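Here the structure comes first, spelled out in structure tokens, and everything after it is commentary.
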Amino acid sequence: APLDNRLLANALHSLPLWRGARPRPVMMPMAAELPAAAEEAPGHVLDPPIPPEVEPVPQVTPISMHPRFAADTPTIDPRAIAALRGLGDGDDFFVEVIDSFRAETKEIMNRIVRAAAAADAAGFARGLHALRSCSANLGGTRLCELLLALRDVTVRELREQGSGVVQRLGDELARLDAALVEYLPDRETTRRGA
């Protein structure tokens, strides 16, 4: 695809310089791009108009917001796993809880996907709340953080970014599932889909 140098420069300029920094504002068009009328009016500063062939640059989300860059928060809180294991006499109860979690989250994710596709913000929020409850019971700290960050997603955001949000949720849920496998007694026979 053809590359628009101004769009690339604006996107690069708006990236934060360090982790946790806010994105910088998008650069305005250079003076050379201003219409001649603005240059002919000495002492009068005009807001530079955006040429019709240049669309506004969308706000760039900082890369530090991506779940894979959230290394400060562990995927699982081991204390929650220890507490769950303490509830039963052996590993059977714990394996049953994990199996129940997997079945329930699959159903919840299906509801979240449908709500996102229909831009149903209320249904999406209900799904997030249900998924957060399930993951909190198993100590899924990173998934819970992501779910809290997404709780105020609007209808417009669902229309524009719904599939990306669902993908992030699915990725983080898969990461939690993989981390849970590490706590299971016989990993080979208890893997999802085995």
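Since the model is a prediction, treat every value here as computed from it, not as a measurement.
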Going through the distances and angles, do D120 and L158 end up as a side-chain contact (heavy atoms from CB on, under 4.5 Å)? CA-CA 8 Å; D120 175 9; L158 282 177; 5.8 Å; no
What's the spacing between L131 CG and I112 CD1 if we round to 0.5 Å? 5.0 Å
For the hydrophobic clusters of this structure (ILVMFWY residues joined by side-chain heavy atoms under 4.5 Å, transitively), does one cluster hold both F124 and L148? no
Looking at G162 and A116, what are the two nearest heavy atoms and their distance? O-CB, 4.3 Å
What closest approach, in Å, do A119 and R159 show between heavy atoms, and which atom pair accounts for it? CB-CG, 3.6 Å
Say you draw a straight line from CZ of R102 to SG of C134; how long is it, rounded to the nearest 0.5 Å? 13.5 Å
Is L87 close to V97 at the side-chain level, that is, under 4.5 Å between some pair of heavy atoms? no
In plain terms, say whether E172 and R175 are close enough for a salt bridge, that is, a side-chain N and a carboxylate O under 4.0 Å apart. yes
Going from CG on L180 to OG1 on T75, what distance comes out if it is rounded to the nearest 0.5 angstrom? 9.5 Å
Cut-off 3.5 Å, side chains only: do H129 and R132 have a donor facing an acceptor? yes
Could you pull out the closest heavy-atom pair between C144 and S135, with the gap in Å? SG-OG, 3.3 Å
Rounded to the nearest 0.5 angstrom, the OG1-CZ distance for T141 and R79 is 9.5 Å
I76 CD1 to I81 CD1 distance, which is reported to the nearest 0.5 Å: 4.5 Å
Note, L184 side chain near D91 side chain (heavy atom, < 4.5 Å): no
Enter the distance from F101:CZ to I108:CD1 here, rounded to the nearest 0.5 Å. 8.5 Å
Please check if Y183 and F93 belong to a single hydrophobic cluster, counting links between Ile, Leu, Val, Met, Phe, Trp and Tyr side chain heavy atoms closer than 4.5 Å. yes
Please tell me if the side chains of I98 and L138 come closer than 4.5 Å, counting only heavy atoms from C-beta onward. yes
